[in-house]
Amino acid sequence: MQSVVQVEPLTTARALRGPFDYVRPEGAEVGSLLEVPFGRQTLRAVVTALADSSPHELAVPRRVLPEAIPPELVALGLWMAREYCSTPARALSLMLPPSGVRAKAQLWAEPTAAGRDPGPEVRLTDNQRALLAALPRFAGTDLGALRRLEKRGLVTVAPRDRRRAPEHVAVGARRDPPVLNPEQEAAVHAIATAGPGERLLLHGVTGSGKTEVYLRAAEQTLRAGAGVIVLVPEIGLTPQMIARFVDRFGDTVAVLHSGLSQGERYDEWRRLRDGEARICVGPRSAVLAPLRGVGLVIVDEEHDGTYKHEGDPRYDARLVAQRRAELSGGVLVVGSATPRPESVHALRRIRLAHRADGARLPPVQIVDMRATAAGTVLHRRTHDALVDARKAIVLLNRRGWSNFLTCRSCGHTWECPQCDVTLVLHRAEGAMSCHHCGHREPVPRACPECASVSLARHGTGTERLEHELARIAPVVRLDAGVANPGEALQRFERADRAILVGTQVVAKGHDFADVDLGVVVDADGTLRFPDFRAEERTFSLVTQLAGRAGRGGRAGRVLVQTLDPDAPSIMHAVRHDSDGFLEGELQRRRALRYPPFATLIRIVCSSTEPGAAHAAAHAVRTAVDAAGGAGDGAMLLGPAPLFRLRGRERSQLVIKGPDRYAAIEAAGVAAAAVRAAKAHRTANLSVDVDPQ
DNA sequence: AGCACGCCGACT
DNA sequence: GTCGGCGTGCTC
Ligand SMILES: [Zn+2]
Ligand SMILES: [Zn+2]
């Protein structure tokens with residue numbers, strides 16, 4: 001008789017490997033959350049398995065907590081720990097609701113049989129009759145009056161969990177679902193007839209009605225009795241997708257986004273776990289929602305970088321989504337206008353080639369900046385187009401007023417004391433700020449080296465661009481520095497004439513009618529990062545912006561300012577040729593052995609001790625080599641120095657190997673050895689499988 | 001990760 | 001004598 005539970009105590013310790021055995025308490029199953037004595041401490045622990053016996057002397061858990069997770073999440077957590085070189089405890093911790101929060105109980109009043117319909121012979125005041133008529137409900141401020149009725153046997157008053165429900169932004173009256181076009185019909189049918197564990201890519205141009213396909217697919221899944229998870233990119237705003245799903249499905253939708261209070265988050269978690277809600281919409285962490293029997297996992301805008309979790313375990317929600325669908329026999333659907341080459345390579349593709357409103361995609365035109373003077377922000381042509389436009393979106397991927405400051409007499413530059421990067425000037429705040437660690441200092445009046453007061457500002461960010469564009473039209477700025485992004489978007493939406501200036505956020509997530517011009521100020525900005533995904537990011541950004549222009553009947557166009565007009569990403573974006581772009585990208589990746597033709601693992605070592613980071617990265621390399629490499633055909637790149645961050649020197653080693661599991665195994669073993677070595681005490685190691 | 005145990009030098 | 005430095009090992 002399975003009288004033993006195997007448990008993972010929830011600690012961040014990496015050296016501590018379970019499972020640990022305890023006496024099985026009443027009601028404990030796989031997925032139960034316990035409080036157990038562990039050494040001299042008391043820890044929460046998740047039951048990962050049951051057993052008949054144990055070679056150890058067993059301790060007795062202190063209690064069974066109410067936040068059990070479904071067994072399928074236990075399996076998913078153990079898989080995540082292995083896949084991302086982490087620990088079961090760290091992975092399982094991500095699946096629990098915020099700790100220290102509980103269900104909120106309030107007193108609930110119900111009429112008894114006698115109180116349900118009291119005849120005129122029962123002596124009651126008007127107030128009491130009104131109170132009885134309004135039951136059942138939470139007692140609230142009428143508790144005194146209700147208690148008196150309770151004494152007379154007319155009412156029962158007892159505690160009951162009260163849901164802290166998040167408020168949803170309404171998107172207008174509930175409309176009848178639109179009629180699907182033939183492409184959408186075919187897509188819905190393909191999803192409905194997909195087999196368990198099947199993976200589909202919905203490759204649809206912007207505005208082709210992917211959301212409606214998701215809604216119909218979700219409806220079918222619900223009708224079949226299974227649950228649905230919908231992942232959306234993390235943007236600082238409430239995703240529009242939430243409103244679309246709530247509008248269609250009401251209370252069976254639970255949301256898990258960063259804007260929720262702890263209490264709301266807890267209650268949404270409980271509703272999913274208890275089966276009261278059967279659809280979960282949210283950013284990457286929603287893939288770990290405690291739904292049972294998931295039949296469909298949707299990943300919208302699957303190219304988006306926010307699906308990667310920064311922090312251990314460094315999971316990729318797209319891969320976890322695939323695994324989750326597989327584990328519960330569900331279907332994975334990822335959608336994008338600019339899918340990743342990885343997805344195109346591995347998934348069955350369904351196309352939506354036409355915009356749902358029948359409109360054509362707006363023309364994308366290159367503005368060649370090579371002939372303009374250095375430091376020019378807007379080309380004459382761009383300027384003129386902005387003057388003519390009614391509503392324009394201008395994208396510049398740099399916050400602040402200017403990039404960096406130098407002294408005109410001695411050349412001094414202002415750098416972050418904690419990081420090896422220049423400080424960015426934010427004029428309105430009167431501050432110089434580090435975008436990597438948050439360090440701030442006042443704007444200098446004079447050079448600390450030579451006392452000169454002649455300081456030069458270099459580069460242009462969104463704050464300065466906002467200032468300059470204000471001469472053309474009213475400007476709304478949207479970037480991470482804006483206090484109320486939702487309000488900014490509404491101002492832009494309502495305006496007759498306006499320019500929306502901002503970083504990537506302006507090209508993501510939000511659809512506006514009537515935008516007739518899109519501008520990418522510095523399209524090479526994303527290309528200048530020495531990164532194998534640079535081309536893909538540029539292509540996606542330009543295409544996504546094109547998708548924002550020319551909706552709602554007005555003809556639109558997009559201007560792309562660039563110093564590199566021949567870059568494949570830009571040329572293909574101009575032709576709206578995502579197939580051509582993807583084909584070239586896959587060829588290049590095959591030739592260079594990049595994903596999906598190999599797995600990349602990035603190991604970053606850091607330390608406050610000079611030289612220790614590099615020494616640790618070197619030791620990882622030696623450890624991998626000593627263990628016979630990272631699988632056939634694997635390569636080690638580095639150690640290569642990274643810029644100092646938060647006072648820590650950094651160095652990285654990259655493993656690139658065609659045998660994914662050999663590479664993961666080698667990285668995990670080598671990192672563990674270096675972490676345990678006394679010589680590398682001060683070094684911190686982070687292992688990132690499938691880095692962005 | 002905690003937390004205790006233990007073995008050594010420094011100070012009342 | 002005893003206070004406290006941290007290296008070592010254990011947690012079902
Ligand atoms: Zn100077
Ligand atoms: Zn910094």
Side-chain angles (χ1 to χ4, degrees), chain A residues 1-65 67-69 71 73-75 77-78 80-82 84-100 309-315 603-609 612-613 615-616 619-620 623 646-648 667-688:
Chain A
M1 257 303 284
Q2 315 234 281
S3 57
V4 174
V5 285
Q6 301 196 328
V7 131
E8 287 291 342
L10 298 181
T11 152
T12 52
R14 248 186 271 263
L16 195 58
R17 288 298 158 105
F20 292 83
D21 299 347
Y22 287 84
V23 171
R24 181 182 181 183
E26 178 110 5
E29 302 290 342
V30 170
S32 290
L33 185 66
L34 310 177
E35 203 175 81
V36 296
F38 191 71
R40 258 139 288 248
Q41 26 178 354
T42 299
L43 292 178
R44 298 194 303 164
V46 175
V47 177
T48 56
L50 305 177
D52 293 320
S53 62
S54 167
H56 300 279
E57 195 174 308
L58 300 183
V60 182
R62 296 203 201 290
R63 57 197 181 115
V64 180
L65 298 168
E67 292 88 8
I69 59 175
L73 280 189
V74 173
L78 298 178
M80 274 172 72
R82 273 178 275 121
Y84 294 103
C85 297
S86 185
T87 65
R90 288 178 184 228
L92 291 167
S93 296
L94 296 173
M95 296 163 174
L96 296 170
S99 74
H309 183 66
E310 306 291 335
D312 194 310
R314 300 183 159 266
Y315 69 91
I603 300 163
V604 177
C605 305
S606 73
S607 174
T608 51
E609 235 28 64
V620 176
R646 295 173 204 274
R648 305 179 71 87
V669 170
V674 174
R675 279 198 268 249
K678 266 183 279 182
H680 302 291
R681 269 251 152 111
T682 71
N684 214 302
L685 309 213
S686 103
V687 180
D688 190 355

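Each chain gets a letter, A, B and so on, in the order its sequence line appears, and its residues count up from 1.
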Ranking A:Arg40 and A:Thr11 by the position along DNA chain B of their nearest nucleotide, the one closer to 5' is A:Thr11

Rounded interatomic separation in angstrom, taking CZ from A:Arg44 and C1' from C:dC12
19 Å

Interatomic distance, A:His56 NE2 vs C:dC10 C1' [rounded to whole Å]:
12 Å

Using a 4.0 Å heavy-atom cut-off across all strands, classify A:Pro37 as base, sugar-phosphate, or nothing.
sugar-phosphate

Checking side-chain polar atoms at under 3.5 Å, does A:Asp312 have a donor or acceptor matched by the opposite partner on A:Ser86?
yes

Would you kindly give the CD-to-C1' distance between A:Glu57 and C:dT11, to the nearest whole Å?
13 Å

Take atom CZ of A:Phe38 and atom C1' of B:dA1, then tell me their distance rounded to the nearest Å.
9 Å

Could you give the OH-to-P distance, from A:Tyr22 to C:dC12, as a whole number of Å?
5 Å

Once you apply a heavy-atom cut-off of 4.0 Å, does A:Gln6 come out as touching a base, just sugar-phosphate, or nothing?
nothing

Closest to the A:Thr12 side chain, choosing from C:dG7, C:dT11, B:dA1
B:dA1

Select base, sugar-phosphate, or nothing to describe what A:Leu16 touches, counting heavy atoms under 4.0 Å on all strands.
base

Starting at atom CD of A:Gln41, determine the distance to atom P of C:dT11, rounded to an integer number of angstrom.
13 Å

Straight-line distance of A:Leu43 CG to A:Glu8 CD, nearest 0.5 Å
11.5 Å

Can you tell me the distance, in whole Å, between the CZ atom of A:Arg24 and the C1' atom of C:dC12?
17 Å

Can A:Arg62 and A:Thr42 be counted as having a side-chain donor-acceptor contact under 3.5 angstrom?
yes

Salt bridge A:Glu26-A:Arg63, side-chain N to carboxylate O under 4.0 Å
no

Atom CZ of A:Arg14 to atom C1' of C:dT11: distance rounded to whole Å?
19 Å

